There are 2 protein chains.
Amino acid sequence: MNFQQLRIIHETVRRNFNLTEVANALFTSQSGVSKHIKDLEDELGLELFVRKGKRLLGLTEPGRELSAVVDRMLMDARNIKSIAEQFSNKDHGQLTVATTHTQARYALPRVVTRFKQAYPRVHLMLHQASPGEIAAMLLDGRADIGIATEALAGVSDFVSFPYYGWHHAVIVPAGHALEAVTPLTLEAVAEHPLITYHEGFTGRAKIDETFAQAGFTPDIVMSALDADVIKTYVELGLGIGIVASMAYDAERDRALRMLPSDHLFGENVTRIAVRRGHFLRGFAYRFIELCAPELSEAVVRGALRPETGSDGPF
Amino acid sequence: MNFQQLRIIHETVRRNFNLTEVANALFTSQSGVSKHIKDLEDELGLELFVRKGKRLLGLTEPGRELSAVVDRMLMDARNIKSIAEQFSNKDHGQLTVATTHTQARYALPRVVTRFKQAYPRVHLMLHQASPGEIAAMLLDGRADIGIATEALAGVSDFVSFPYYGWHHAVIVPAGHALEAVTPLTLEAVAEHPLITYHEGFTGRAKIDETFAQAGFTPDIVMSALDADVIKTYVELGLGIGIVASMAYDAERDRALRMLPSDHLFGENVTRIAVRRGHFLRGFAYRFIELCAPELSEAVVRGALRPETGSDGPF
DNA sequence: GATGCTTACGATACCCGTAAAGATA
DNA sequence: TATCTTTACGGGTATCGTAAGCATC
């Protein structure tokens, strides 16, 4: 058993069992990949992959069990390298933060600025992605920190922390009839064509839920991934918008009005997540602390620990 | 980085940084060991070991961080092999249970008999050891299951479960004056020379505690590792004994009397422990279940899971 | 002087990639 | 037929063990 074999197993699962693709991803030959798999299977004395003739189709049951362990070993191999870097180049390295448009655009600029000042030699990669993609990046180690409102809570491989809470708000073109409705009601909003976020993005679930519970079926004429797009179409008069309130800027968005709406929609909580078992450099803890001062390194490390002292359920 | 290097790092720490010994333990040459360490240090760009001239003395700080990860990787490597065996030879393999004299002699015979019947082809190694040694064996994978009254609870690397509770009892030679004292009191016991367990064995701490709290300082004239030795000397009249009550057998121990003592000493709880992250074969779960029926595979697996669903302290 | 670590060097085994052949869609 | 996997084979590299050289105790 060697690391190349483990990498191959891992990548084979990731790449849908196409060994040619695996070979390319690992910068080696298909023949080598094929042989490595065979060697490992021989060594272990069982088949890891379901085959149909010469094609690989999926994992066998032992393959599935094994794959989980392999993933953890590869994570640890990355961890070893991170630890080494941590000590050889204290303030030098790379930090990958995976986050959504909304956070990258409205919440993080403040944090990134301060982080850059504190760690000028750290290469900060702000990777913009969908919530699902963020989770995937954390899982396979492509990202160190994930920040999003969706998809991060309740995954047992992650530890996540609340970053900040926010509300949706209704935006309308200046002079729109809704401006006169005070206080604003869901019923009034539901009468107009709506433009808001895609499903699975920026609290869209909460919006749908709110209307459903109140018994209204809004006419969502368009959905977008980010508030900038939504605002553009609201300005064009295609409908009224529902966006995260921090996306409205009275200075820039002269043609729009934001209507007080905190009472309409429930609070959303944006979370910061890291993968359990993923080694974090010192400056990664600093980044989290810059987001939310209460999330000190001690707090985060404490939450990452396997379990606090106790002994099972007894 | 390769597995041989990791094994060498691990073994170097275990063997007090004597590379010659490490080489012997791993059945390789000392020169190879030396080179592997150097290669890995070069690859990582830092020193893992504190050196004084040519001698290795200990781990550097990065070495310590790394060592923990290395240990987990080697554990996973063993896990992979266990998983493979699990599937290639379902009812065939080895199970190592590390336990103390008391458990091996009085609690486990019943379990072992039934286990042997159910899994005749599993090689069961019942390894008798001190509580500390049991913990060490679990930690480095030499044992699958540990059973003892001491040293297993409250270690975060373990998950432990209560197996059964028991009390100490006073034993005396037949015809001893104490037989007349009913109910038996600590004060009366403390007036006689005592023979009981060594410190750190079979609830000795609880005995000391009980006397201390009652304000007596018993005269412990002898301590032994197991009840058989204690009983031998009690028979010889060197003193009265305090042993686990299940160690007394009215049939065999004709020359001795056990005095009702449940009210004198608190309850001891013998625990079953397994190491977090150590893969257990199906029959290992069966063994635990034979010990205590409520500890089903589902229960044990549930307790071994990293954490139950939730997301850190928030 | 005994033990222990490092370096040098030659033999071996392992890993990789090319190429050809066989299987699958 | 095009795509994909396996097998065969040769070249290169890394690993291993012997042996010699040097510190440390």
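Throughout, protein chains are lettered first and strands after them, A, B, ... in sequence-line order, and every chain is numbered starting at 1. This structure is a prediction, so every number in the text was calculated from the model and none was measured.
Counting any heavy atom pair closer than 4.0 Å across all strands shown, B:Phe49 reaches no nucleic acid atom.
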ask   = Between B:Glu41 and B:Arg51, does a salt bridge (Lys or Arg N to Asp or Glu O under 4.0 Å) hold up when you go through it step by step?
value = CA-CA 13 Å; B:Glu41 288 185 329; B:Arg51 290 172 166 81; 3.1 Å; yes
request  = Report the C-alpha separation of B:Asp144 and B:Val97 in whole Å, then their side-chain angles, then the decisive distance to 0.1 Å, and conclude whether the side-chain contact (heavy atoms from CB on, under 4.5 Å) test is met.
outcome  = CA-CA 6 Å; B:Asp144 301 295; B:Val97 178; over 6 Å; no
ask   = Does the side-chain contact (heavy atoms from CB on, under 4.5 Å) test come out yes or no for A:Glu61 and B:Phe87, once each step is laid out?
value = CA-CA 9 Å; A:Glu61 208 211 316; B:Phe87 284 93; 3.8 Å; yes
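A:Gln4 contributes atom CD, which lies 12.0 Å from atom CG of A:Asp39 (distance to the nearest 0.5 angstrom).
Spacing between atom CG of B:Leu19 and atom P of D:dG17 amounts to 15 Å, rounded to whole angstrom units. Taking atom CE of A:Met1 as the reference point, atom P of C:dC14 lies 16 Å away to the nearest angstrom. Between A:Lys52 atom NZ and D:dT3 atom C1' the separation is 16 Å, expressed in whole Å.
Around NZ of B:Lys116, the count of heavy atoms belonging to other residues, nucleotides or ligands within 6.0 Å exceeds 12.
In the region residues 6-16 of chain A, proximity to DNA chain C at under 4.0 angstrom, judged on heavy atoms, holds for none of the residues. Of the residues in residues 23-39 of chain A, those with a non-hydrogen atom less than 4.0 angstrom from any atom of DNA chain C are A:Phe27, A:Thr28, A:Ser29, A:Ser31, A:His36.
For the pair B:Leu26 and B:Val22, the minimum side-chain heavy-atom distance is below 4.5 Å. Side chains of A:Leu225 and A:His101 form no contact here, defined as non-hydrogen atoms less than 4.5 Å apart.
The aromatic ring centres of A:Tyr119 and A:Phe115 sit less than 6.0 Å apart.
Of the two residues near DNA chain D, A:Arg55 and A:Arg51, the one whose nearest nucleotide lies more 5' is A:Arg55.
Out of D:dC4, C:dT6, D:dC16, the shortest distance to the side chain of B:Lys54 is found at C:dT6.
Regarding contacts with the backbone of C:dC15, a side-chain N or O of A:Asn2 is found under 4.0 angstrom from either OP1 or OP2. Between C:dC5 and B:Asn18, a contact under 4.0 Å exists linking OP1 or OP2 to a side-chain N or O.
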